Protein chains: 2
Amino acid sequence: MKYETRKDEIIQTSAILFQKKGYSAVTMRDIAKAMGIKAASLYNHINSKQEILSEIIISLAEQFTEQMKIIKTSDDSSINKLKQVVALHVNITSNNQFGMASLNSDWMHLENELEYYLKLRKNYENDFRSIIEKGIQENELANANPEVMLFSLLSTLRSLYIWLPKKEDLNIEKFITELSTVLINGINK
Amino acid sequence: MKYETRKDEIIQTSAILFQKKGYSAVTMRDIAKAMGIKAASLYNHINSKQEILSEIIISLAEQFTEQMKIIKTSDDSSINKLKQVVALHVNITSNNQFGMASLNSDWMHLENELEYYLKLRKNYENDFRSIIEKGIQENELANANPEVMLFSLLSTLRSLYIWLPKKEDLNIEKFITELSTVLINGINK
DNA sequence: TTTTTTAACTAACAACTGTTAGTTTAAAGT
DNA sequence: ACTTTAAACTAACAGTTGTTAGTTAAAAAA
């Protein structure tokens, strides 16, 4: 069986559609059609369109938060922690190709859960920033503007959902190594 | 006068709204309300909602394409060309904060102009890739995967529209230097 | 002064939106 | 055999959508 429950199937089908056109441009009739049923039938399994979006985004955001907490509290070097963050993004993204598009592009359409999402994101960014700042303090990272570093790293990691699907025959482990190298050592000779 | 024409005012007002909620979630009534007129009055100046999106996106995409052509055909070093590309993105983004959100998030809602937009983007990416590949060939850049380099650089530059507005009192020239340094030399000590 | 143009307005349209109510069918549980 | 549940259906709702038609008032051009 491909899906655990019918609700799960609705959520994953919706994620595919949301990724193509965005949450607002996808109708309940679009989702239903993709599943071969009528729009009203969706409501036997979910309570609202909004709930579908929440389920997609919040579960992903929580995965990031949980894993970041583990990385943050380990006693690895800053560089190693950053490598683990790269691996975290690549792994979650490659397993949730479609949902990551909603996380990045449709979070503002959350209603009840918007505040909670923003809290999770803020915490995540703060943890990320702490790792970088500690690395600079301890002379492990270059003495550059930590905000610029954070921006650059996070932008690349957040865009993975656009790029990973294009590379069908990708060796994930190799890619994590290559990406870490470029992000940490730059592109200079 | 803040706007050259009333049409220009509609386009710039729309860009602000599109940036917050995305093209599909913004209605003609929203745009009209933001301008203090009725939705039907917009049609004295523009032909369709679609036209507003096209005007925002295509003019920006053409700016990138034109400037890239100039950078590409100069006889600078690869590193200097890349620094110029960084400056190009920072400058266009800081002058078109809101429009850049549409360019990055709403291009798929283009209709007649979608094909043209995709052509411009493909050309731009190809030029970018050529600069990187030449840099590697001539031993100016690290011998890493050029696709990963391109992905990393482009992701960061395309996300500028999210970050620049947050830094109100930003020295643009200084930021271009800092960002170039991080992108080219990485974050390692 | 008269005419034309500009740019707003009201009213309405047909299509589409998320969602609800009530019904039907078949499988599962007793 | 009977009852309950799961999951589909049809029909409809009230509100919203982009857009058009026709009108009005004031400014610009003649």
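Model, not experiment: these values are computed from the prediction. Order of the sequence lines fixes the chain letters, A, B, ..., with proteins taken first and strands second; residue numbering starts at 1 for each chain.
- In terms of phosphate contacts, A/Ser41 brings no side-chain nitrogen or oxygen within less than 4.0 Å of OP1 or OP2 of D/dA7.
- Outside the 6.0 Å centre-distance limit, the rings of A/Phe175 and A/His89 are not counted as a close aromatic pair.
- At the phosphate of C/dT6, neither OP1 nor OP2 sits under 4.0 Å from any side-chain N or O atom of B/His45.
- A sub-4.0 Å separation between OP1 or OP2 of D/dT16 and a side-chain N or O of B/Thr27 is absent.
- For the 3.5 Å distance criterion, the side chains of B/Thr27 and B/Asp30 qualify, holding a donor opposite an acceptor.
- Proximity note for B/Ala40 (side chain, C-beta onward) versus C/dG18, D/dT20, C/dA7: the nearest is D/dT20.
- For the residue pair A/Ser105 / B/Ser105, no side-chain donor-acceptor distance below 3.5 Å is found, with atom types taken as modelled.
- Relative orientation of the A/Phe151 and B/Trp163 rings is tilted, given thresholds of 30° and 60° on the angle between their planes.
- Among the nucleotides C/dA8, C/dG18, C/dT10, the one closest to the side chain of A/Met28 is C/dG18.
- Between B/Lys38 and A/Asn44, the residue anchored closer to the 5' end of DNA chain C is B/Lys38, taking for each the nucleotide with the nearest heavy atom.
- Of the candidate nucleotides C/dT10, C/dT20, C/dA8, C/dT20 has the atom nearest to the side chain of A/Tyr43.
- Separating the CD1 atom of A/Ile10 from the P atom of C/dT19 is a distance of 13 Å, rounded to the nearest angstrom.
- Nearer the 5' end of DNA chain D, as judged by each residue's closest nucleotide, is the contact made by A/Ile37, out of B/Arg29 and A/Ile37.
- One atom, CD1 of A/Ile46, and another, C1' of C/dT19, lie 10 Å apart when rounded to the nearest Å.
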